[in-house]
Asks: 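Dropping the structure in here first, questions after.
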Amino acid sequence: MKSRQVDFLIEPQIRFASEVGEQATLFIQDPSGNALEFKAFQDQAQIFAS
């Protein structure tokens with residue numbers, strides 16, 4: 001996405017590093033102006049962890 005010069009509302013980052021629920025996340029805007037969040041988890045078991 002960076003190589004295609006996508007404008008990020010929030011740059012890609014790691015949230016909750018080394019904690020329960022650690023996730024990579026970024027926010028972009030779709031053509032209609034909606035904010036979209038994308039998340040990735042290295043460990044799928046952490047998706048709904050609290």
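Note that these values count all heavy atoms, side chains included, but never hydrogens, waters or copies made by symmetry.
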Asks: Counting only heavy atoms not in Gln44, do more than 12 sit closer than 6.0 Å to its CD atom?
Replies: no
Asks: Roughly how far apart are Gln29 CD and Leu36 CG, rounded to 0.5 Å?
Replies: 8.5 Å
Asks: From the options Gln42, Lys39, Gln13, select the one residue that forms a side chain to side chain contact (heavy atoms under 4.5 Å, CB included) with Gln23.
Replies: Lys39
Asks: Any side-chain heavy atom of Met1 within less than 4.5 Å of one from Pro12?
Replies: no
Asks: Is it the case that more than 12 heavy atoms not belonging to Asp7 sit under 6.0 Å from its CG atom?
Replies: no
Asks: Do you know the tightest heavy-atom contact between Leu26 and Ile28?
Replies: CD1-CG2, 3.8 Å
Asks: Distance from Ile10 atom CD1 to Phe27 atom CZ, nearest 0.5 Å?
Replies: 4.5 Å
Asks: Under 4.5 Å between side-chain heavy atoms, counting indirect links through other Ile/Leu/Val/Met/Phe/Trp/Tyr residues: same cluster for Phe16 and Ile14 or not?
Replies: no
Asks: Shared ILVMFWY cluster between Phe8 and Phe38, side chains joined below 4.5 angstrom?
Replies: yes
Asks: So which heavy atom on Glu22 is nearest to which on Phe41, and how close?
Replies: O-CD2, 3.3 Å
